[in-house]
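The block underneath contains the structure these notes are about, expressed in structure tokens.
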Amino acid sequence: MCYGQQRPFSGDNLTPTRVVRLPNDNAVVVADLRGRLAETEARLARARAREAELSRRLNEMKRFVSVMEILETYLKRRFREQQEYVSGLFSPSPLSSK
């Protein structure tokens, strides 16, 4: 195609032409939109259910972590107590040196 034969670009080329629809066409469009809306609502319901499940699991994990932190603190304290006890067994007693 030669460049001279193309129409120059103008804003008028961007305006869509209005299509006159028959009443039957409108019913098809409405049915299509209703179907798409139903699909969107179903996806939204699934997303909300997934969000609720993930929130439940997150809270469960938070409780688990809290319990593990409590156990860790307890075990560290018991370990220190045992270390002190064992070091007391092996250190010379102040009474034995007199």
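This structure is a prediction, so every number in the text was calculated from the model and none was measured. The chain is numbered in sequence order, starting from 1.
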### Task
Apply the test salt bridge (charged side-chain N to carboxylate O under 4.0 Å, His left out) to residues K76 and E72: give CA-CA distance (whole Å), side-chain angles for both, the deciding distance (0.1 Å), then the verdict.
CA-CA 6 Å; K76 281 181 178 179; E72 179 185 29; 3.6 Å; yes
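- Each of R63, R56, R57 was evaluated against E60; a single residue qualifies, R56, per the side chain to side chain donor-acceptor pair (under 3.5 Å) test.
- In this structure, CG in D32 is found 11.5 Å from CZ in R34, a value given to the nearest 0.5 Å.
- Around the CE atom of M68, the shell of radius 6.0 Å holds more than 12 heavy atoms that belong to other residues, nucleotides or ligands.
- Within the 4.5 Å cutoff, the side chain of R36 has heavy atoms near those of the L33 side chain.
- There is no path of hydrophobic side-chain contacts, each under 4.5 Å, that joins V65 to L58.
- Residue F79 is tested with E81, Q82, Q83 for a side-chain contact (heavy atoms from CB on, under 4.5 Å); the sole match is Q83.
- Taking 4.5 Å as the limit, some side-chain heavy atom of R50 sits within range of a side-chain heavy atom of L54.
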